[in-house]
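Report on the structure given below.
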Amino acid sequence: MGGKKRPQVSFVIPSYQGEKLLPACLDSVLSQDTEADFEVIVVDDRSSDGSQALMSERYPQVDLVANRKNVGPAAAKNIGAEQARGELVAFLDNDVELDPGWLEAMLKSMSESGKDVGACASHILLNGYSSMLNSTGGMVNLLGYAWDRGIFKIDSESYFHNTRVMYACSAAMIARKDVFDEVGGFDESFRYLFEDADLGWRMNIYGYKVLYEPRAVADHLLSSTMGKKWLRNLYLYERNRLRASIKNMEADTLRWVHREMFYWFSHRMYKEMDNGLSARQKFSLPMRMAQAVVWNLTHLPGTMGRRREIGRHRKVKDCQLMSSGVLCSQIGEPPMGEDPRFNREENGSGDERRHLPRKLVVAREKDGQLGTGWFDREVDARGVNFRWTGDRAAALLRCSGKKSYVVLRTVMANPLELTQVSLKINGRPVSTFEVPNQSHLQKIPVPHGIEPGECEVELQVLNPFRPREALGIEDQRLLGIAVASVELR
């Protein structure tokens, strides 16, 4: 580590009651396989456990900043960043463990990127679930909802490619120190929840990109105490979402979506009311949601002051953020998987497969009915949900055994030529056909001899394409066809 020499990277780790969590986190940081000089700063947010004694006894090489009062994670990160001497600041939660190559992968990504890159997100897995995602960078939609890409979903090749995102999950991210300071750091009024989304949003507005680096792997414990504070977390998320939207969206955008914001705010409350709440929670929920609105009204002067400051520095318009894909033109709640901490049933269980449908709407059905080769669901300009396939993709359907057809509905394909697709059922070649780059319905007869029951329908695309090469956009995936539904009838 760097001594008096200015380090290349400063690790900043806010910690509260972290005595049991810090050793694994710090050991993973100190054992990074890198030649780069780095320093480690732990900001103890007035813990009452043995965190500070632990630091003094076991980690004397780590700089400890002890807060005199508890200020919350967002402010603690800013305090650590003020102490940081590195050109880059790596923010970590104290319940994160880094793979040995995390820092090198981040440094390589930042060095290969231009000066217009402000931060980089990492490939964060859910600790305790070997292949389940926590975050691969985050997105924001027109209602201000923010979500981590892939959260609570099984890791797949959908997330093996570098891409641009709106924000980096602050559980394990890296940022240029000068850019972090320029945009004003984390909004301390958020305390926690949404502070990283808001930071990345401002970076994009100021003209800096946020990238995702799939080679930088981390495991995040996702503290169980968050689950026990469900109502408070919902309140903070809605409160902070409204403040971030008011601060960061242009006036024309807010005028465009404000009615939808009111509707979906109410929808969220009614949806949660039907989510198996206790009588006490049902009584508290409306008050918490109302409190989120009241807080924003009472803090509106300060929010408008920050809005004016952001407006003076704005280099990128909302329409440009939408065209780049980081501000999603989606109206509604974000796509998320089910938290495995509260749903222990694994996707794709045997019971799920015994009740297979004859028609699979691929963007809506459970992943257990999809085989390999599918990317995450998306929405086209007309509002149609779909999933891209890779060069191969499979779906599980129920076959009656009678004379029937495979009906394939697609919305897009190779933009440069007709897409050639080969169809197999249970490994048996059935047909080869062409799919155009537009809405299309293909009806293929099922041959005799296919046994009734579970059938695997496999699509092999003979001429897949990469959007980066075909269209010049920042998407390096290998894509086949965009499928809305597949049906055996």
Side-chain angles (χ1 to χ4, degrees), residues 123 125 130-133 136 149-163 214 335 337 346-349 352-353 356-380 384-399 406-415 417-437 440-442 444 446 450 454-470 475-488:
H123 190 92
L125 298 170
S130 58
S131 60
M132 185 161 289
L133 291 167
T136 58
R149 295 191 321 141
I151 187 168
F152 304 137
K153 295 184 179 180
I154 299 299
D155 197 4
S156 72
E157 62 183 38
S158 297
Y159 308 100
F160 292 173
H161 306 284
N162 303 79
T163 190
E346 296 183 359
N347 288 337
S349 65
E352 185 176 287
R353 294 192 176 206
L356 294 171
R358 296 186 64 180
K359 181 176 180 180
L360 186 63
V361 180
V362 298
R364 298 177 185 171
E365 299 297 332
K366 296 181 179 179
D367 290 344
Q369 295 162 352
L370 296 175
T372 59
W374 298 93
F375 291 94
D376 275 355
R377 69 176 181 179
E378 300 177 40
V379 183
D380 72 1
V384 177
N385 291 280
F386 67 92
R387 291 180 191 255
W388 280 104
T389 71
D391 56 349
R392 292 173 184 266
L396 298 174
L397 294 169
R398 177 169 55 87
C399 180
V406 174
V407 180
L408 183 70
R409 296 179 184 273
T410 58
V411 295
M412 285 180 284
N414 193 320
E417 57 184 335
L418 287 171
T419 299
Q420 307 294 319
V421 180
S422 174
L423 175 70
K424 294 181 181 180
I425 298 180
N426 293 340
R428 176 180 171 181
V430 172
S431 177
T432 299
F433 52 92
E434 296 179 337
V435 175
N437 184 33
H440 180 70
L441 186 145
Q442 189 78 32
I444 307 108
V446 175
I450 301 296
E454 179 180 307
C455 288
E456 182 183 62
V457 177
E458 181 183 345
L459 303 167
Q460 179 182 358
V461 178
L462 306 179
N463 56 333
F465 72 101
R466 295 189 187 277
R468 183 171 185 176
E469 298 170 359
D475 189 339
Q476 298 186 47
R477 294 179 297 174
L478 185 66
L479 301 181
I481 54 177
V483 180
S485 65
V486 57
E487 180 179 3
L488 273 172

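Excluded from the calculations below are hydrogen atoms, water molecules and symmetry mates; all remaining heavy atoms, backbone and side chain alike, are included. Owing to the predicted nature of the structure, the values given are computational and were not obtained by experimental measurement.
Residues that satisfy the side-chain contact (heavy atoms from CB on, under 4.5 Å) test with Asp391, not counting sequence neighbours, are Pro464, Leu478.
In this structure, the separation between CG on Asn414 and CD on Gln420 is 10.0 Å, given to the nearest 0.5 Å. Interatomic distance, CG of Leu441 versus OG of Ser485, reported as 7.5 Å (0.5 Å rounding). Rounding to the nearest 0.5 Å places CD of Glu378 at 4.0 Å from CZ of Phe386.
Within a 6.0 Å radius of CZ in Arg468, other residues, nucleotides and ligands contribute 12 heavy atoms or fewer.
Of all heavy-atom pairs between Ser422 and Leu462, the closest is CB-CD2, 4.5 Å. When all heavy atoms are compared, the tightest approach of Thr389 to Phe375 is O-CE1, 3.7 Å. Closest heavy-atom contact between Glu434 and Gln442: O-OE1, 3.6 Å. Across every non-hydrogen atom of Gly150 and Leu133, the tightest pair is O-CB, 3.2 Å. Taking both residues in full, the closest heavy atoms of Ala393 and Gly373 are given as CB-O, 3.6 Å, listed atom of the first, atom of the second, then distance. Counting all heavy atoms, side chain and backbone alike, Ile481 lies closest to Val461 at N-CG2, 4.2 Å.
A donor-acceptor contact shorter than 3.5 Å is absent between the side chain of Asn437 and the backbone of Met412. Formation of a donor-acceptor pair under 3.5 Å by the Arg149 side chain with backbone atoms of Thr136 is found in this model.
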Practice task
Could you check Val406 against Val430 for side chain to side chain contact (heavy atoms under 4.5 Å, CB included), going step by step and ending with a plain yes or no?
Solution key: CA-CA 10 Å; Val406 174; Val430 172; over 6 Å; no
Practice task
Could you walk me through whether Arg477 and Thr163 pass side chain to side chain contact (heavy atoms under 4.5 Å, CB included), step by step?
Solution key: CA-CA 10 Å; Arg477 294 179 297 174; Thr163 190; over 6 Å; no
Practice task
Given side chain to side chain contact (heavy atoms under 4.5 Å, CB included), test Leu459 with Leu423 step by step and report yes or no.
Solution key: CA-CA 5 Å; Leu459 303 167; Leu423 175 70; 3.6 Å; yes
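Under the 30°/60° scheme for interplanar angles, the aromatic rings of Trp388 and Phe465 are found to stand perpendicular.
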